[in-house]
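Taking it in order: structure first as structure tokens, then the write-up.
Each chain gets a letter, A, B and so on, in the order the sequences are listed, and its residues count up from 1. Atoms considered below: every heavy atom in the structure, side chains included; atoms not considered: hydrogens, waters and symmetry mates.
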2 protein chains.
Amino acid sequence: MINELEKIKDSVLLQDIKVEELSSMLGCLRGVIKHYKKGEEVLSQGAEIKQFGLLIEGKLQVVQYDHFGNKSILSIIEPNQIFAEAYAYVNKLPSMNVEALVDSTVLFLDSDKLSSPCQNCCSFHKQLVKNLLFIISNKNVNLTEKIECMAKRTTKEKLLTFLSLESIKQNSKEFYIQYDRQALADYLGVERSAMSAELSKLKNEGMLEYNKNWFKLLQK
Amino acid sequence: MINELEKIKDSVLLQDIKVEELSSMLGCLRGVIKHYKKGEEVLSQGAEIKQFGLLIEGKLQVVQYDHFGNKSILSIIEPNQIFAEAYAYVNKLPSMNVEALVDSTVLFLDSDKLSSPCQNCCSFHKQLVKNLLFIISNKNVNLTEKIECMAKRTTKEKLLTFLSLESIKQNSKEFYIQYDRQALADYLGVERSAMSAELSKLKNEGMLEYNKNWFKLLQK
DNA sequence: AAAAGTATGTTGGAAAAACAACGGATTATA
DNA sequence: TATAATCCGTTGTTTTTCCAACATACTTTT
């Protein structure tokens, strides 16, 4: 147990919480550690979620099966990341499954206990709530930005929206992006080669310059 | 002041908090009420946000100006809704503006104070945190579902993903949807008429039946 | 330095979506 | 009830994207 806590003490969720406090936290939040074999189901579509998970070791994938049985992978969970936290706080039943890609170890924490601190109002409770709010808010901001880009009708507009956002966030007309071409295309929900072609066009039209991951937005 | 609290006591944020507690809460969370004239800026792009807002009266719009000055409306805020809560909990600077569409009254609450309850651990603090986690998690789930739909390449796939999700959520192959055709097209980020045509095709192919807001998914 | 692998750009034809315009049906309003 | 307004489906044309295949440049490995 101690060994396992050592592995996750640097996760965002446990940021600024003392290692000594971690084990008392486990009791307070009804912490349960579970092990899964490769291929096992960690959470199932439609099953009520009262706890959220923190992956200690292994790798998980969040998948969705639609009405016709088609499978689509929504995200990959790496160690130190939390998952199902949003569903733990709403009444809705999850519409996706979580499966273990390799043998994995998960710490489940009681979402109710986390938001209703115990009588003594332990200091780590405050910090946990802060951290959780940060994590969820952060996801929220990122999801919103992605939607802003994807909502545009053409690849050109999607690209410009994305680049404009980067420019604003990095507070400069010149900036580096974190994605390679394929990842950027996936992020925007378009075809890589078509996106490359669109980037060339924009360069020819004098709207931007770029080289690999470096971009510069120009006046029209 | 009392009058204003009366107006927002039914908001999700203040759910299950006693009216008597509201004014003590205001002190604790450094609550500030501000008034805006139509057209005034409530929050500005790039300006640090330490507080989030709860709209008491009026109507606001969240807008984004890109690098080329194009304006796009991200959302409309109605009374009792909160806004900027995600940005208040992350370090990122907001990339959007909030403007008053009509004369409006806003209650600002200190995000830091909310997540770090005071010494006496007042009961409303717990409830507020719970409510806020619910609101943000809910948004998160909704945003994720929207992205699932929008990420599909064709209008047909977007429709089927949306309808599958509805079917799962309503736990039935038959269900009613909340959007009219134009709203659904906007939600999915596609053209209304093209979407209508696609619906017809799916009906002809025997994949679904529908009439107005009623839909039924069929086996392939 | 050669070879293999990876990332990016280019192109042409097929497929899909956008767009515009219209007609019928339903709903709201005078 | 007449009229206007809104919603929805249809169609033909234009525009854009997808897709597959290939060329080039850069990176990593041996």
Side-chain angles (χ1 to χ4, degrees), chain A residues 66 68 70 72-73 76 146-163 166 174-218, chain B residues 66 68 70 72-73 76 146-163 166 174-218:
Chain A
D66 70 14
F68 303 101
N70 304 312
S72 75
I73 296 169
I76 302 289
K146 185 175 158 112
I147 287 178
E148 277 174 48
C149 297
M150 290 209 306
K152 297 295 158 76
R153 295 299 168 80
T154 65
T155 299
K156 179 178 176 177
E157 282 180 302
K158 286 173 192 178
L159 274 169
L160 288 177
T161 302
F162 172 79
L163 295 172
E166 279 306 306
E174 291 182 54
F175 49 86
Y176 289 85
I177 67 171
Q178 60 183 319
Y179 301 119
D180 62 23
R181 295 292 182 273
Q182 183 60 62
L184 180 55
D186 290 343
Y187 177 85
L188 296 177
V190 299
E191 179 62 21
R192 180 198 61 79
S193 66
M195 188 190 74
S196 262
E198 214 50 57
L199 277 174
S200 298
K201 254 199 218 168
L202 286 169
K203 188 187 262 180
N204 285 334
E205 290 170 10
M207 298 186 77
L208 56 83
E209 292 173 21
Y210 63 90
N211 187 281
K212 308 234 173 120
N213 289 13
W214 173 87
F215 285 81
K216 181 176 183 178
L217 282 176
L218 305 172
Chain B
D66 70 14
F68 304 101
N70 304 313
S72 74
I73 296 168
I76 301 290
K146 186 175 156 110
I147 287 178
E148 277 174 47
C149 297
M150 290 209 305
K152 298 295 158 76
R153 294 301 168 77
T154 66
T155 298
K156 179 178 176 176
E157 283 181 300
K158 286 174 194 181
L159 274 170
L160 287 177
T161 303
F162 172 79
L163 294 172
E166 279 306 307
E174 292 181 53
F175 48 87
Y176 289 85
I177 66 171
Q178 62 184 316
Y179 301 118
D180 63 23
R181 295 292 183 275
Q182 183 60 62
L184 179 56
D186 290 344
Y187 176 85
L188 297 176
V190 299
E191 179 62 21
R192 181 198 60 80
S193 67
M195 187 190 75
S196 263
E198 215 49 58
L199 278 174
S200 299
K201 256 199 218 168
L202 286 169
K203 189 187 265 182
N204 285 334
E205 290 170 10
M207 298 185 77
L208 57 83
E209 291 173 21
Y210 63 91
N211 187 282
K212 309 238 176 115
N213 289 14
W214 173 86
F215 286 83
K216 181 176 184 178
L217 282 176
L218 305 171

Expressed as a whole number of angstroms, how long is the span from [X]:[atom1] to [N]:[atom2]?
X      : N      : atom1 : atom2 : value
B:L199 : D:dC7  : CG    : C1'   : 14 Å
B:K201 : D:dT11 : NZ    : C1'   : 13 Å
B:K152 : D:dT17 : NZ    : C1'   : 18 Å
A:E191 : D:dT16 : CD    : C1'   : 13 Å
B:K203 : D:dT10 : NZ    : P     : 8 Å
B:N211 : D:dC8  : CG    : C1'   : 11 Å
A:M195 : D:dT17 : CE    : P     : 12 Å
B:E198 : D:dT10 : CD    : P     : 12 Å

The residue, A:R153 or A:Y179, whose nearest nucleotide of DNA chain C is more 5′ is A:Y179
So the contacted stretch of DNA chain C, first to last nucleotide with an atom under 4.0 Å from a non-hydrogen atom of chain A, runs from C:dT8 to C:dC19
Q.
Could you tell me if the side chain of B:T155 sits less than 4.5 Å from the side chain of B:L188, heavy atoms only?
A. no
When every non-hydrogen atom of B:A185 is compared with those of B:E191, the smallest separation belongs to CB-C, 4.1 Å
| query | Is the phosphate of D:dT10, meaning OP1 or OP2, less than 4.0 Å from a side-chain N or O of B:S196? | reply | no
Which of A:F175, A:F215, A:Y187 passes ring pair (Phe, Tyr, Trp, His ring centres under 6.0 Å) with A:F162? It is A:Y187
**Prompt:** Do any N or O atoms from the side chain of B:R153 and from the backbone of B:K158 form a donor-acceptor pair under 3.5 angstrom?
**Reply:** no
Judged by nearest nucleotide, the residue sitting upstream toward the 5' end of DNA chain D, A:K212 or A:S193, is A:S193
Comparing A:V190 with B:R181, nearest DNA chain D nucleotide closer to 5' gives the residue B:R181
dist B:T161:OG1 -> B:I147:CD1 (nearest 0.5 Å) comes out at 13.5 Å
To the nearest 0.5 Å, atom CD of B:E166 lies from atom CD of B:Q178 at 6.5 Å
In this structure, are over 12 heavy atoms from other groups packed under 6.0 Å from A:K201 atom NZ?
no
